Amino acid sequence: MLVCFKCYFQSKAGKMRSQLMLCALVGFFLILKVNVNDAITFRLTNFVCESYNKSYAVFNTCRLKAVNRKKVLLNMNVTLLYPTNNIGIHCRLFKKANGYRPWTVDRKLDLCRYMRTRYDPYFKIVYGLFQDFSNINHTCPYVGHQILKDLYLRPELLGLLLPTGDYLLSLQWMFDKNAVDTNVSFSFVEDLLLSK
Ligand SMILES: *[C@@H]1O[C@H](CO)[C@@H](O)[C@H](O)[C@H]1NC(C)=O
Ligand SMILES: *[C@@H]1O[C@H](CO)[C@@H](O)[C@H](O)[C@H]1NC(C)=O
Ligand SMILES: *[C@@H]1O[C@H](CO)[C@@H](O)[C@H](O)[C@H]1NC(C)=O
């Protein structure tokens with residue numbers, strides 16, 4: 001079984017660099033997974049929503065709610081006032097390092113096509129973060145209240161892909177010609193004893 005996990009190296013400049021490595025280790029995954037989830041802190045830190053045409057889309061709710069030190073819940077309720085069959089998403093991930101810098105993910109996709117065919121493997125990861133908390137799990141058209149309820153980040157979905165850091169996931173939506181932005185920031189801290 002091919003298992004993907006992260007190894008950390010101390011560079012000469014003293015900065016932590018991360019690499020994804022493929023390691024062929026049978027059965028290692030399950031043991032590792034338990035330890036990883038114990039050692040990971042995955043925390044939502046900010047959530048910003050903006051509709052650029054308020055006669056088209058209106059945010060009723062866009063907020064984070066901390067339930068304890070580790071767990072923060074995201075709630076969103078946006079009303080689409082007209083049905084649409086034409087939804088574009090520009091999905092970008094930024095990592096903080098003297099301001100946010102683009103980091104690995106920069107993709108545009110067609111949500112209606114995605115909901116029919118699940119054609120994009122990268123968006124599948126993003127979609128996996130929110131599908132269980134939302135009512136958008138259907139094909140186009142979309143109209144009315146679009147809900148994310150008490151969403152929290154689950155380390156098992158992303159934890160094996162990301163190095164420790166602060167991230168910003170920017171989703172720019174285009175409903176016909178009406179732009180909507182949702183930007184969510186999160187920090188990811190991992191305390192693994194796997195280096196060297
Ligand atoms: C806002 O959306 C409405 C409804 O679709 C549309 O009639 C109007 O032209 C849009 N406004 C702009 C500035 O695009
Ligand atoms: C979403 O917001 C609308 C408008 O405030 C409200 O009527 C509706 O009940 C809300 N839906 C949920 C699930 O909270
Ligand atoms: C909703 O998501 C589940 C799990 O991914 C899937 O099995 C189901 O077919 C989806 N439902 C619709 C209506 O797309």
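Whatever order the structure lists ligands and atoms in, that order sets their numbers, starting from 1. Note that the structure is predicted; figures quoted are calculated from it, not measured. Quick note: residue numbers are just sequence positions, from 1. When reading the values below, keep in mind they use all heavy atoms of this one structure, side chains included, and skip hydrogens, waters and symmetry mates.
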Regarding [X] and [Y], is there a side-chain donor-to-acceptor distance under 3.5 Å anywhere?
X      : Y      : value
Ser185 : Asn183 : no
Thr84  : Asp176 : yes
Tyr52  : Asp181 : yes

Below a 4.0 angstrom heavy-atom separation, can you tell me which part of Asn178, side chain or backbone, both or neither, approaches ligand 1?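 Side chain only; the backbone of Asn178 stays clear of ligand 1.
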
Parallel, tilted or perpendicular: which describes the rings of Trp173 and Phe175, with under 30° parallel and over 60° perpendicular?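 It falls in the parallel class, under 30°.
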
Mutual orientation of the aromatic rings belonging to Tyr167 and Phe186 [parallel < 30°, tilted 30-60°, perpendicular > 60°]: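 Answer is parallel, since the angle falls under 30°.
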
Would you mind checking which non-hydrogen protein atom is closest to [atom], with the distance to 0.1 Å?
atom                    : result
atom 5 (O) of ligand 1  : Tyr56 CD1, 3.5 Å
atom 7 (O) of ligand 2  : His145 NE2, 3.9 Å
atom 13 (C) of ligand 2 : Ile147 CD1, 3.5 Å
atom 4 (C) of ligand 1  : Tyr82 CE1, 3.3 Å
atom 12 (C) of ligand 1 : Asn53 ND2, 3.4 Å

Given Tyr119 and Arg113, is the side chain to side chain contact (heavy atoms under 4.5 Å, CB included) satisfied, shown in steps? CA-CA 8 Å; Tyr119 73 101; Arg113 182 176 160 215; 3.4 Å; yes

For atom 9 (O) of ligand 1, is some protein heavy-atom partner under 4.0 Å away?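 Given the 4.0 Å cut-off, atom 9 (O) of ligand 1 does not count as touching protein heavy atoms.
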
Please confirm whether Tyr152 and Phe42 have ring centers closer than 6.0 angstrom.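 No, the ring centres sit 6.0 Å or more apart.
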
Are any of the N or O atoms of Asn77 closer than 3.5 Å to those of ligand 2?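 In this structure, Asn77 places an N or O atom under 3.5 Å from an N or O of ligand 2.
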
Atom indices of ligand 2 within 4.0 angstrom of Asn60 heavy atoms, with elements: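 So the atoms of ligand 2 that pass are 1 (C), 2 (O), 3 (C), 4 (C), 5 (O).
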
